[in-house]
Asks: 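Here you go, one structure.
Here, residue 1 is the first one in the sequence, and each next residue gets the next number.
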Amino acid sequence: MASYNLEKEPTRPECQLYIINPNSGHIFEVNAIADTGCDMTMIPDMITKQLGNLIESIVRYKGVNGVITETRTYLVNIRVDGYDFNRVEVVGIRKEYALIGRDILNRNKASFDANRNCWRLDCSGNCT
């Protein structure tokens, strides 16, 4: 089960995210925020630069500021809250943390309980 960061106002659901290069098996660990407003999972640019030839495609998306951005996507494996997600298409962002998007959160059940300062995925073996 993941927790809320109580040092931020408003509090936010966070956890450790493991980004796995499917070719080499190399694992990158990064702090992540579960973001139900984010369509795709986004990982730090510093990690995408180390992924090498995992470029999948080019996508255009509109950020929260309304600016349309064109960027590369990468196919990676993700581990979050004890569950593995294979061949997830992600984009890079200029942050030191990742954003877990609805592409992962909607694969089964994500429960958020701000009163208890926790959140979790409930995949029951069906997330991959």
Asks: Roughly how far apart are Tyr74 OH and Leu51 CG, rounded to 0.5 Å?
Replies: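 Here the rounded value is 7.0 Å.
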Asks: Test of understanding: with side-chain hydrogen bond (donor to acceptor under 3.5 Å, both in side chains), list the residues that count as partners of Ser111, not counting sequence neighbours.
Replies: none
Asks: With sequence neighbours excluded, give me every ring-ring contact (aromatic ring centres under 6.0 Å, His included) pair touching residues 27-51.
Replies: His26-Phe28
Asks: Hydrophobic clustering (ILVMFWY, side-chain heavy atoms < 4.5 Å, transitive) - are Val30 and Val76 grouped together?
Replies: yes
Asks: For Gln16, check side-chain hydrogen bond (donor to acceptor under 3.5 Å, both in side chains) against everything at least two apart and list the hits.
Replies: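 Partners of Gln16 under the side-chain hydrogen bond (donor to acceptor under 3.5 Å, both in side chains) test: Glu29.
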Asks: To the nearest 0.5 Å, what is the distance between CD1 on Ile104 and CD1 on Ile78?
Replies: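 Output value for this atom pair is 5.0 Å.
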Asks: Go through the structure and list residues passing salt bridge (charged side-chain N to carboxylate O under 4.0 Å, His left out) with Arg94, not counting sequence neighbours.
Replies: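 Expected list: none.
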Asks: Would you please name every residue forming a side-chain hydrogen bond (donor to acceptor under 3.5 Å, both in side chains) with Thr41, sequence neighbours left out?
Replies: Asp103
Asks: Let me confirm one number: the CD-CD1 distance from Glu14 to Ile100, rounded to the nearest 0.5 Å.
Replies: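 Between Glu14 CD and Ile100 CD1, I get 9.5 Å after rounding to 0.5 Å.
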Asks: Any idea which heavy atoms bring Leu105 and Ala110 closest together, and the distance?
Replies: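 Result for this residue pair: O-CB, 3.9 Å.
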Asks: Do you know the tightest heavy-atom contact between Cys15 and Asn31?
Replies: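 Shortest heavy-atom contact: O-OD1, 3.3 Å.
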Asks: Write down the atom of Asn21, the atom of Asn23, and the distance for their closest heavy-atom approach.
Replies: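 Closest approach of Asn21 to Asn23, heavy atoms only: OD1-N, 2.8 Å.
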Asks: Quick one: does Arg107's side chain get under 4.5 Å of Val88's, heavy atoms only?
Replies: yes
Asks: Nearest heavy-atom pair of Ile43 and Ala98: which atoms, and what distance?
Replies: CA-CB, 4.1 Å
Asks: Considering only residues two or more places apart or on different chains, which pairs with a residue in residues 58-78 satisfy salt bridge (charged side-chain N to carboxylate O under 4.0 Å, His left out)?
Replies: none
Asks: List the residues meeting side-chain contact (heavy atoms from CB on, under 4.5 Å) with Asp113, not counting sequence neighbours, and say none if there are none.
Replies: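 Residues passing side-chain contact (heavy atoms from CB on, under 4.5 Å) with Asp113: Asn115, Arg116, Cys118.
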Asks: Got a sec, which pairs hit ring-ring contact (aromatic ring centres under 6.0 Å, His included) with one end in residues 90-116, sequence neighbours left out?
Replies: Phe112-Trp119
Asks: Any non-hydrogen side-chain atom of Thr73 less than 4.5 Å from a side-chain atom of Met40?
Replies: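 When only atoms from C-beta onward are counted, Met40 and Thr73 do touch, with a gap below 4.5 Å.
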Asks: Residues sharing Tyr18's hydrophobic cluster, by side-chain heavy-atom contacts under 4.5 Å among ILVMFWY, directly or via others?
Replies: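 Same cluster as Tyr18: Ile20, Ile27.
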Asks: Who pairs with Arg79 by side-chain hydrogen bond (donor to acceptor under 3.5 Å, both in side chains), at least two apart in sequence or on another chain?
Replies: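 Arg79 satisfies side-chain hydrogen bond (donor to acceptor under 3.5 Å, both in side chains) with Asp84 only.
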Asks: Considering non-hydrogen atoms only, spot the tightest contact between Gly37 and Arg102 and give its length.
Replies: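 Reported closest heavy-atom pair: C-NH1, 3.4 Å.
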Asks: Is it possible for you to say whether Leu75 and Ile93 belong to one hydrophobic cluster, with membership spreading through side-chain heavy-atom contacts below 4.5 Å?
Replies: no
Asks: Partners of Asp45 by salt bridge (charged side-chain N to carboxylate O under 4.0 Å, His left out), sequence neighbours excluded?
Replies: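 Expected list: none.
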Asks: If you link I, L, V, M, F, W and Y whenever their side-chain heavy atoms are under 4.5 Å apart, who else ends up in the same group as Ile58?
Replies: none
Asks: For a quick test of reading the model, state the closest non-hydrogen atom pair linking Asn77 to Asn86 and the distance between them.
Replies: OD1-CA, 3.3 Å
Asks: Are any side-chain N or O atoms of Asp81 and backbone N or O atoms of Leu121, one a donor and one an acceptor, separated by less than 3.5 Å?
Replies: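 Yes.
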